[in-house]
Structure formats: structure tokens, C-alpha cells
Amino acid sequence: MSNWLQNFAEQFTMAFITDDRWKYIVKGLGNTLLLTFFSLILGVVIGIVVSAIRSTYDKQYSQLKKGIGKGLLAFFDKICKIYLTVIRGTPVMVQILIIFFVIMASSKNKILCGIIAFGINSGAYVAEIIRSGIMSIDQGQTEAGRSLGYNYIQTMWYIVLPQAFKNILPTLANEFIVLLKETSVASYVGVIDLTGAANIIRGITYQSFFPLIAIAIIYLIMVIFFTKLVNLLERRLKNSER
């Protein structure tokens, strides 16, 4: 038993204490949170634009008169559908490889490339989340906005979107958790996130147990923490409806 504990302590020390290798984990954690946060922001921006175009097409296209406006709406709706089909129909790993080694091959800022890659991917899913929220709002809300003198854009911005966001906020928070775990594949293109930090330690020490178990525990703790926040948010939203 004493030999096992001594071996355990030696391997732990080699993995994290020697040469301050724990700093790789700290740096990786910071990059993981950075990737997740800014990717979600980019994804929400893309999602709002795409969902606005898609929902406008679904609600207004048949009511519009023939003209350049109707033609442009149909064109952008088709572009959005292609974007959603391609992004949701291909693996995120393949998308990241294309962004890193084809589209942004000359860029040396790997974190920025990762944010763009994950943001574009997240945007497709966020777009459908927001669109479902918009479509869930009763048509009478839009008509009420029009009766107040608002145009379509003002009605969407001041009346429909606030109600839609309230309905989809827990789902958006869950998307953040999913994105947090998905960023682990960024290590395959050289980003030092949590997984990348574990791979560096494995390459130096030739041991896998401690670095991999460590990042698995860190991911688990973060997911549990953010899940608790999502549950708290859902309860507060339910209480505000009473």
C-alpha cells in the first residue's frame, strides 16, 4: 500500500508540480473559457440575423407584393437555409480544420480562428433556437405592435424578440454548456485549451492518467456549475411568470 501511495505521489508530482506543469492546465482553462464565451457571442449575433431572416420569410413572404424587396428576402432566406444545412450537416471537427488550414491558413492567431470556427458552428444552432422562440409568439402580438404604429422591424425588436428571448434563454444557456464541451476539439489544430494542455503534459511525462483525469474533472465541475446556473435561471423565469 505504501509503495502504491509513493508511486501515486511521484506521478502526480511529475504531472503537475515539476517545472510548474500545472500552469499548462491554468492556461488551457483560460483559453477554453475565452473560446466558449466569445464563440457564443458570435453565435448569438449570427443566430439573431439568420433567425430574423428565416422568421420574416415564414411570416411575411406570402403577404409581400412582388418587387425587389420580396426577391431579396427570398434570396437571403435561401442563403440562410444553405448555411444551416451545411453547418448542421457536417462535423464540427471538419469545419474547424477548414477554417484553420484553408480559409484562415495565413493567420497566426489560433484563438481568433477558434472563436470564428466555433462561432459559425454555434450560430446555426442558435439561429434555430431563436427562430423557434419567435415562431412561438402569438401572431396577435405582432398585430398589436402594428396597431401601435410600429413597423415590422420595430415590432420585432420591441415586442416579439424580448418575449422570444425570455422563452429561449434556458435553451441558449444549455447551448453554452454544449459549446464549452465542444471546444475540446480545438486542441487538434494547436490551440492550448484544456485538452491541449493535457496533451502537452502527456507528451512531456509519457503518462496519461493524471492529465486526462484532471481535465475530465475540471470539465465536469464546470458543466455542473453552469447547469446549476441554468436551473436557477429557469426557476426565476417561472416565478416571474406568476
Side-chain angles (χ1 to χ4, degrees), residues 35-36 38-107 112-146 150-176 178-179 182-183 185 189:
L35 273 173
T36 305
F38 286 103
S39 296
L40 185 66
I41 290 177
L42 178 59
V44 169
V45 172
I46 294 174
I48 289 174
V49 174
V50 173
S51 62
I53 294 172
R54 294 277 290 110
S55 59
T56 300
Y57 180 87
D58 292 340
K59 287 187 173 185
Q60 298 292 314
Y61 185 77
S62 60
Q63 302 174 19
L64 294 175
K65 296 180 181 179
K66 288 184 178 181
I68 188 170
K70 188 172 185 178
L72 285 174
L73 180 60
F75 172 76
F76 286 118
D77 179 72
K78 184 65 67 176
I79 295 296
C80 290
K81 286 180 179 178
I82 293 173
Y83 161 73
L84 293 172
T85 301
V86 171
I87 297 300
R88 297 171 72 196
T90 55
V92 63
M93 186 65 203
V94 175
Q95 297 168 20
I96 291 171
L97 292 174
I98 292 173
I99 294 290
F100 271 81
F101 299 120
V102 179
I103 298 176
M104 300 184 68
S106 61
S107 176
L112 177 61
C113 292
I115 290 172
I116 292 173
F118 286 111
I120 291 173
N121 178 268
S122 180
Y125 297 94
V126 171
E128 288 301 283
I129 292 172
I130 296 176
R131 189 174 77 90
S132 66
I134 293 174
M135 299 303 291
S136 69
I137 303 301
D138 189 84
Q139 184 63 24
Q141 298 290 320
T142 303
E143 294 173 356
R146 291 298 185 89
Y150 290 154
N151 57 33
Y152 180 77
I153 295 176
Q154 290 173 323
T155 302
M156 288 291 291
W157 184 258
Y158 292 111
I159 296 178
V160 177
L161 280 177
Q163 297 180 70
F165 266 107
K166 183 178 180 181
N167 293 338
I168 65 173
L169 206 51
T171 310
L172 281 178
N174 281 317
E175 171 63 19
F176 176 83
V178 171
L179 185 59
E182 283 185 344
T183 56
V185 301
V189 289

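Among pairs with a residue in residues 45-55, those fulfilling salt bridge (Lys or Arg N to Asp or Glu O under 4.0 Å) read Arg54-Asp58, Arg54-Asp77, at least two apart in sequence or across chains. The side-chain hydrogen bond (donor to acceptor under 3.5 Å, both in side chains) contacts involving residues 38-49 comprise nothing, where partners must be two or more places apart or lie in separate chains.
For the atom pair CD1 (Ile96) and CD1 (Ile120), the distance works out to 11.0 Å, reported to the nearest 0.5 Å. Atom CG in Asn174 sits 12.0 Å away from atom CD1 in Ile168 (nearest 0.5 Å). Rounded to the nearest 0.5 Å, atoms CD (Glu175) and OG1 (Thr36) are 10.5 Å apart. The CE atom of Met135 lies 11.0 Å from the CD atom of Glu128; values are rounded to the nearest 0.5 Å. One finds the CD1 atom of Ile116 at 11.5 Å from the CG atom of Leu35 (value rounded to the nearest 0.5 Å). Put simply, CG on Leu42 and OG on Ser122 are 8.5 Å apart, with the number rounded to the nearest 0.5 Å.
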Please step through side chain to side chain contact (heavy atoms under 4.5 Å, CB included) for the pair Tyr83 and Ile46, ending with a clear verdict.
-> CA-CA 11 Å; Tyr83 161 73; Ile46 294 174; 3.5 Å; yes

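With sequence neighbours excluded, the residues forming a ring pair (Phe, Tyr, Trp, His ring centres under 6.0 Å) with Phe176 are Phe226, listed by chain and number.
For the residue pair Val160 and Ile134, the shortest heavy atom distance occurs at CG1-CG2, 4.0 Å. Closest non-hydrogen pair, Leu40 versus Leu179, comes out as N-CD2, 3.6 Å. For Gln95 against Ile87, the heavy-atom pair with the smallest separation is NE2-O, 2.8 Å. Minimum interatomic distance between Phe118 and Glu182 (heavy atoms only, all atoms of both residues): CE2-O, 3.5 Å.
At most 12 non-hydrogen atoms from other residues, nucleotides or ligands lie less than 6.0 angstrom from CZ of Phe75. The local environment of NZ in Lys81 is crowded, with over 12 non-hydrogen atoms from other residues, nucleotides or ligands closer than 6.0 Å.
A donor-acceptor pair is defined here as one N or O able to donate and one able to accept, closer than 3.5 Å; no such pair exists between the side chain of Tyr57 and the backbone of Leu73.
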